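Data block below; observations after.
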Amino acid sequence: THLGDVLADVELYKKAIEHFQILVEADPEDEMVHLDYGTSLIHLALLLQDVHHPEPSQALFRAAENHFMQAAALGNN
């Protein structure tokens, strides 16, 4: 995700998101994965933000919030 951030490359973020999905499936109780996943989703949402079409970014923000809530439930406060 750092490379995606530096280059502002949506495709790199999408690849990172795929990897986070695999990690969450492998260990759904790893709060650090949920935190990193949520952070990546926020960065992607900001990169995709469009005033005329806010739905994609809003969905990513909601998904990020869910991952942060899951991390908190797993003990990361």
Side-chain angles (χ1 to χ4, degrees):
T1 59
H2 294 295
L3 185 58
D5 190 34
V6 170
L7 299 176
D9 188 332
V10 171
E11 290 306 314
L12 290 174
Y13 271 109
K14 288 181 179 180
K15 288 180 184 178
I17 299 303
E18 289 175 16
H19 288 277
F20 281 121
Q21 289 171 339
I22 293 167
L23 290 171
V24 167
E25 288 174 15
D27 187 2
E29 295 188 12
D30 187 339
E31 70 270 10
M32 294 307 295
V33 170
H34 285 284
L35 289 173
D36 289 342
Y37 195 172
T39 302
S40 295
L41 289 169
I42 286 176
H43 286 283
L44 179 57
L46 292 171
L47 189 60
L48 295 175
Q49 235 173 0
D50 182 349
V51 175
H52 301 291
H53 303 285
E55 298 83 12
S57 288
Q58 290 174 348
L60 290 168
F61 284 129
R62 283 191 298 275
E65 181 180 22
N66 289 336
H67 283 286
F68 292 144
M69 297 296 288
Q70 183 63 28
L74 292 169
N76 193 310
N77 319 12

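Everything numeric here is computed off the predicted structure, so don't read it as measured data.
No side-chain heavy atom of Asp27 sits under 4.5 Å from any side-chain heavy atom of Val33.
Closest approach of Phe61 to Leu46, counting heavy atoms only: CZ-CD2, 3.8 Å. Across Leu74 and Pro28, no two heavy atoms sit closer than the pair CD1-O, 3.7 Å. The two atoms that bring Gly38 and Phe68 nearest to each other are C-CZ, 3.5 Å, heavy atoms only.
When His67, Glu29, Met69 are each tested for a side-chain contact (heavy atoms from CB on, under 4.5 Å) with His34, only one passes: His67. The residue from Lys15, His19, Gln21 that alone fulfils the side-chain contact (heavy atoms from CB on, under 4.5 Å) condition with Ile17 is Gln21.
Within the model, atoms CG of Asp30 and CD of Gln70 stand 11.0 Å from one another, a figure rounded to the nearest 0.5 Å. Expressed to the nearest 0.5 Å, how far CG of Leu48 lies from CG of Leu41 amounts to 10.5 Å. To the nearest 0.5 Å, atoms CZ (Phe20) and CG (Asp36) are separated by 5.0 Å. Between the OG atom in Ser40 and the CG atom in Leu12 there is a gap of 11.5 Å [rounded to 0.5 Å]. With rounding to the nearest 0.5 Å, the separation of CG in Leu60 from CD1 in Ile42 is 10.0 Å. Once rounded to the nearest 0.5 Å, the distance linking CG of Leu44 with OG of Ser57 reads 7.5 Å.
Few gaps surround CD on Gln58; more than 12 heavy atoms of other groups in view lie less than 6.0 Å from it.
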